Amino acid sequence: MTRVYNFAAGPAAIPEWVLKKAQAEMLDYHGSGMSVMEMSHRSAEFKEIIDNAKASLRRLMNIPEDYDILFLQGGGSTQFFMVALNLLQNGADIIDTGQWTKKAIKEQKKIGYVHVAASSKEDNYTYIPKIKQEDLDPKTDYVYICENNTIFGTKYKQLPPHDGKLLVADLSSCICSEPVDVTKYDLIFAGAQKNMGPAGVTIVILKKELLDRADQDKLPSMLSYKVHAEKDSMFNTPPTWGIYMVGLTCQWLEEVIGGLENMEKINQRKAKKLYDYIDNSKLYTNNVNKEDRSLMNVPFVTGDDELDKKFVAEAKKAGIANIKGHRSVGGMRASIYNAVTEEAVDYLIDFMKKFEKENA
Ligand SMILES: *Cc1c(COP(=O)(O)O)cnc(C)c1O
């Protein structure tokens, strides 16, 4: 068996420890005689799985008791409008930092008033706009951000001002990559397929007091946070396998990595190595404003489309998978999520050096 060095943006690499544990438990989960995929979501075994996943995430992220944790379906793309259906009364202030906020703006406009407080579009989203309270529309209910921009490789290092407003954040591509102060947010959501497990489950962390904001008579049950919270994420059949894998990923973060402080140190080391090499190289450039650089997604180009293509093809032959950049940025992108080891980053840098030498 050969496993590649996988730099996929999502679905993305999963820690080998998690895959092996899932493999060991695949046919007979804890003496139940069946796989997690085959068991009732109402069974005692599954109740333990979901309770443990939630408790582990709560410990890891230090989520206070006045926040609920939900495991939903429909991806980040459902949250783009579910957030508005549940929270928007007078309007939303959205900061446009690329593809994922563009989509959120489009969806939330279908539900209510949207004010785009700032955008880095004119510079192809290579930086995070710094906003002041005055840039916000006084009448909106919340400020909405995408904290880590998966495609463009930017990341908020400081949250925007939002006095008198709620803060809603899409953490799909940075959740659990570092400790965060959950109390600074009112709602966090994240699809699991970048840092937390397989596609098909979305984590929502929200203040319990927000559950009563929407008129429940007008809200389809599946789109109501309150309904999912009251039913402990089991209003309907939940994505049981995904929740199990999120639980294993949390267990790995707690027991193998030793928590998010450690994870952050590892991630910073990985990212620093890669950025330092790119910045000192004569062939590669990363166009992102240095102070806004992502720890998780590192886009880079050679400046020559043909050479970029050659890089991707030769990398593939060398066992480096999914390094091609997003079509809107071009070039290459190394997604170095939690599950991507320091060894994988070293291997990539060695390959980049060799390629640079051969193509200088
Ligand atoms: C991947 C991603 C999404 C979209 O998730 P889907 O599961 O495809 O709906 C949303 N936001 C961010 C930041 C992402 O990286």
Side-chain angles (χ1 to χ4, degrees), residues 6-14 70-85 92 94-108 110 119-121 124-129 142-157 159-160 167-178 180 185 187-206 222-223 233 238-239 241-243 245-246 249 267 271 288 292-299 322 324-329 333-340:
N6 187 2
F7 296 93
I14 289 176
L70 310 176
F71 297 116
L72 306 182
Q73 301 183 62
S77 299
T78 295
Q79 294 312 308
F80 294 163
F81 61 88
M82 193 164 167
V83 157
L85 286 174
I94 306 187
I95 304 176
D96 176 29
T97 50
Q99 189 91 327
W100 300 119
T101 52
K102 213 157 83 186
K103 290 189 178 186
I105 290 166
K106 184 175 172 206
E107 296 302 304
Q108 293 185 36
K110 296 175 189 174
S119 173
S120 48
K121 185 169 193 264
N124 201 28
Y125 299 115
T126 49
Y127 70 99
I128 299 286
Y142 56 85
V143 173
Y144 177 105
I145 61 166
C146 177
E147 188 155 324
N148 183 77
N149 294 277
T150 325
I151 293 171
F152 299 94
T154 59
K155 161 88 166 52
Y156 281 82
K157 306 292 162 80
L159 295 172
L167 181 64
V168 175
D170 176 357
L171 265 65
S172 292
S173 52
C174 59
I175 188 168
C176 289
S177 63
E178 59 182 5
V180 293
Y185 304 81
L187 188 148
I188 289 170
F189 71 84
Q193 72 267 30
K194 276 86 187 216
N195 246 345
M196 299 306 290
V201 55
T202 308
I203 298 164
V204 176
I205 301 162
L206 83 166
M222 277 297 283
L223 298 177
S233 300
W241 177 256
I243 292 168
M245 291 291 281
V246 168
T249 304
N267 285 331
V288 172
D292 299 326
R293 281 172 164 179
S294 166
L295 273 187
M296 296 282 101
N297 309 96
V298 183
N322 298 312
K324 192 171 183 293
H326 190 270
R327 59 192 178 279
S328 56
V329 179
R333 169 177 49 171
S335 293
I336 50 174
Y337 296 122
N338 289 352
V340 176

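Computed from a predicted structure; not experimentally measured. These numbers come from the heavy atoms of this one structure, side chains and all, not from hydrogens, waters or symmetry mates. Ligands are counted one by one from 1 in listed order, and the atoms in each one are counted from 1 as well.
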**Q** Which residue and non-hydrogen atom of the protein lie closest to atom 9 (O) of ligand 1, and at what distance in Å?
**A** S77 OG, 2.6 Å
**Q** Select one of side chain, backbone, both or neither to describe which atoms of A199 lie under 4.0 Å from any atom of ligand 1, heavy atoms only.
**A** neither
**Q** Once the angle between the rings of F80 and Y144 is folded into 0 to 90°, is it parallel (under 30°), tilted (30 to 60°) or perpendicular (over 60°)?
**A** perpendicular
**Q** Looking at non-hydrogen atoms alone, which of N297, D170, I175 comes nearest to atom 11 (N) of ligand 1?
**A** D170
**Q** Parallel, tilted or perpendicular: which one describes the rings of F152 and Y125, with boundaries at 30° and 60°?
**A** tilted
**Q** Is there a donor-acceptor pair under 3.5 Å between the side chain of N267 and the backbone N or O of S177?
**A** yes
**Q** Mark yes or no for whether S294, through its side chain, and G153, through its backbone, hold a donor-acceptor pair below 3.5 Å.
**A** no
**Q** Can you confirm, on distance only, whether ligand 1 has an N/O atom lying under 3.5 Å from any N/O atom belonging to G76?
**A** yes
**Q** If you draw a 6.0 Å radius around NZ in K110, do more than 12 non-hydrogen atoms from other residues or ligands fall strictly inside?
**A** yes
**Q** Any sub-3.5 Å donor-acceptor pair from K103's side-chain atoms to G98's backbone N or O?
**A** no
**Q** Can you list the ligand 1 atoms lying under 4.0 Å from a non-hydrogen atom of N148?
**A** 13 (C)
**Q** With a 4.0 Å heavy-atom cut-off (strictly under), which part of F189 contacts ligand 1: side chain, backbone, both or neither?
**A** neither
**Q** Looking only at N/O atoms, are Q193 and ligand 1 under 3.5 Å apart anywhere?
**A** yes
**Q** So, using ring-ring contact (aromatic ring centres under 6.0 Å, His included) as the criterion, who are the partners of Y337 when residues are at least two apart?
**A** none
**Q** Just to confirm my output: which protein heavy-atom neighbour is closest to atom 15 (O) of ligand 1, and how far is it?
**A** T150 OG1, 2.5 Å
**Q** May I ask which of E147, Q73, K194 has a heavy atom nearer to atom 1 (C) of ligand 1 than the others do?
**A** K194
**Q** Taking 4.0 angstrom as the limit and counting only heavy atoms of F80, give me the atoms of ligand 1 inside it, by number and element.
**A** 10 (C)
**Q** Just heavy atoms, cut-off under 4.0 Å: does T78 contact ligand 1 by side chain, backbone, both, or neither?
**A** neither
**Q** Would you name the heavy atoms of G191 and S172 that are closest together and state the gap between them?
**A** N-OG, 3.2 Å
**Q** Holding to ring-ring contact (aromatic ring centres under 6.0 Å, His included), I want the full list of residues that pass it with W100, two or more places apart in sequence or in another chain.
**A** none
**Q** Between ligand 1 and C146, can you find any atom pair, the residue atom being a heavy atom, that is separated by under 4.0 Å?
**A** yes
**Q** Starting from atom 4 (C) of ligand 1, locate the nearest protein heavy atom and write down its residue, its atom name and how far away it is, to 0.1 Å.
**A** W100 CZ3, 3.4 Å
